[in-house]
There are 2 protein chains.
Amino acid sequence: MARAATTTDAFNAVAEPRRRAILDVLAGGERPVNDLVRVLGLAQPQVSKHLRVLREVGAVDVRGEGRQRLYRLNGHALKPIHDWVKAYERSWSERFDRLDAVLEELKQKEEGDGGDE
Amino acid sequence: MARAATTTDAFNAVAEPRRRAILDVLAGGERPVNDLVRVLGLAQPQVSKHLRVLREVGAVDVRGEGRQRLYRLNGHALKPIHDWVKAYERSWSERFDRLDAVLEELKQKEEGDGGDE
DNA sequence: AGATTACATGCTGATATGGGAATATGTCAA
DNA sequence: TTGACATATTCCCATATCAGCATGTAATCT
C-alpha cells in the first residue's frame with residue numbers, strides 16, 4: 001500500500017505547504033486562480049491542481065464568474081484538525097501549566113485530610 | 001518531485017492516522033513499544049517505523065529502560081499545527097460569529113456619525 | 001553459552017505524488 | 001469565426017510511501 005491519497009482528508013491535503021499558503025491567501029477573501037498564481041508565484045497548472053485537492057476535501061468552494069473561477073475558503077473542513085491538535089495544547093501552554101499546578105495543590109490537600117478510604 | 005517526506009515536519013508526520021493514534025495513546029503516559037502494538041493492534045515493525053517518523057519530527061522522545069524502549073509524547077512539536085489552524089477557528093466557532101456581529105455593529109455606527117475623512 | 005524477549009532495520013512491491021510542459025475546455029470580444 | 005484570456009486536465013518521471021516479511025541487534029534469563 002502507498003501513502004494515503006492527499007484527498008483522503010484535511011490532514012493529508014494540508015500537509016503540503018503550498019496548499020496551506022493557498023488557504024492563507026483565501027482567508028483574506030474570495031479570489032480567482034490567477035490572483036493566487038501571482039501572489040504565490042507558482043505555475044498556473046500547479047495552482048489548479050492544488051485547488052482541486054482542496055476542493056475534494058471541502059476546504060474551498062468554487063463559483064464561476066464569467067471566465068474566472070472564484071475560490072473561497074471553507075475553513076469548516078479544518079475543524080477536525082483543530083479538534084485533534086487542541087488536546088495537545090496542554091503540552092506548551094503556560095495556562096495549562098498553571099492549571100496543573102492548581103490541580104496538584106488540590107490533590108495534596110485532599111491526601112492530607114484523608115476523606116474516606 | 002514526489003510528495004514531501006513524512007519526516008519533513010509535523011504536518012506531514014501527522015497526516016497518517018496511525019501516527020495520530022500512537023500520539024493519542026502516548027498522551028496517556030510513557031509506554032513501551034509492545035504496549036502500543038497491543039493497544040493499537042498493529043504489527044510491531046510498523047509501529048517501530050511510525051515511531052521513527054514521530055521521533056524525527058520531535059513529536060516523541062525515547063528512553064531505554066532495560067530491554068524496553070519507553071516512548072513519551074512531546075506535544076510541543078505539534079504547536080505549529082495548532083498555531084496555523086487556530087486562525088481558521090473563526091470559520092466554525094459561534095464565539096467568533098458573535099464577535100463578528102459586534103464588530104459589524106460598531107462599523108455601522110462609525111459610518112453613521114462619520115468621524116474624520 | 002544458548003535461548004528468549006523487545007525492538008529496529010532492510011527489502012520488495014504497488015501506488016500516489018508533485019513539478020514541468022503541452023494541450024484541452026470554456027468564455028468573452030471583434 | 002477567429003482570437004485572446006482564464007482555467008483545467010493530461011502525460012511523463014523521479015521519488016517516497018506503507019504493508020508484509022525476514023532478519024539484525026541488544027538486553028535479560030537459565
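No experiment lies behind these values; they were computed from the predicted model shown.
- B/Arg67 contributes a side-chain N or O that forms a donor-acceptor pair with the base of C/dT5 under 3.5 Å.
- Side-chain proximity of A/Ala2 to C/dT17, D/dT17, C/dA6: nearest is D/dT17.
- Counting distance only, with no hydrogens placed and no angle test, the side-chain atoms of A/Glu16 and the base atoms of C/dG18 include no donor-acceptor pair under 3.5 Å.
- Within the structure, a side-chain polar atom (N or O) of A/Arg19 is placed less than 4.0 Å from OP1 or OP2 of C/dG18.
- Close to C/dT17, at under 4.0 Å from its OP1 or OP2, lies a side-chain N or O of A/Thr6.
- We find that CD of A/Gln44 is positioned 12 Å from C1' of C/dA22, with the value rounded to whole Å.
- No cation-pi contact links B/Arg31 to B/Tyr71, judged by a cut-off of 6.0 Å to the six-membered ring centre and 45° from its axis.
- Salt bridge present: B/Glu56 and B/Arg52 bring a charged side-chain N and a carboxylate O closer than 4.0 Å.
- Nearer to the 5' terminus of DNA chain D, by closest-nucleotide assignment, is the contact made by A/Arg69 (compared with the other of A/Arg69 and A/Ala4).
- Whole-Å rounding puts the A/Arg20 CZ to C/dG18 P distance at 12 Å.
- Nearest-nucleotide assignment on DNA chain D puts the 5′-proximal partner with A/Lys49, out of B/His50 and A/Lys49.
- Using a 4.5 Å heavy-atom threshold, the side chains of B/Phe11 and A/Arg20 count as touching.
- Between A/Tyr71 and D/dA6 there is no side-chain polar atom (N or O) within less than 4.0 angstrom of OP1 or OP2.
- Look at CZ on B/Arg3: it is 15 Å from C1' on D/dA14, rounded to the nearest Å.
- Using a cut-off of 4.0 Å between Lys/Arg side-chain N and Asp/Glu carboxylate O, B/Glu30 and B/Arg63 are scored as salt-bridged.
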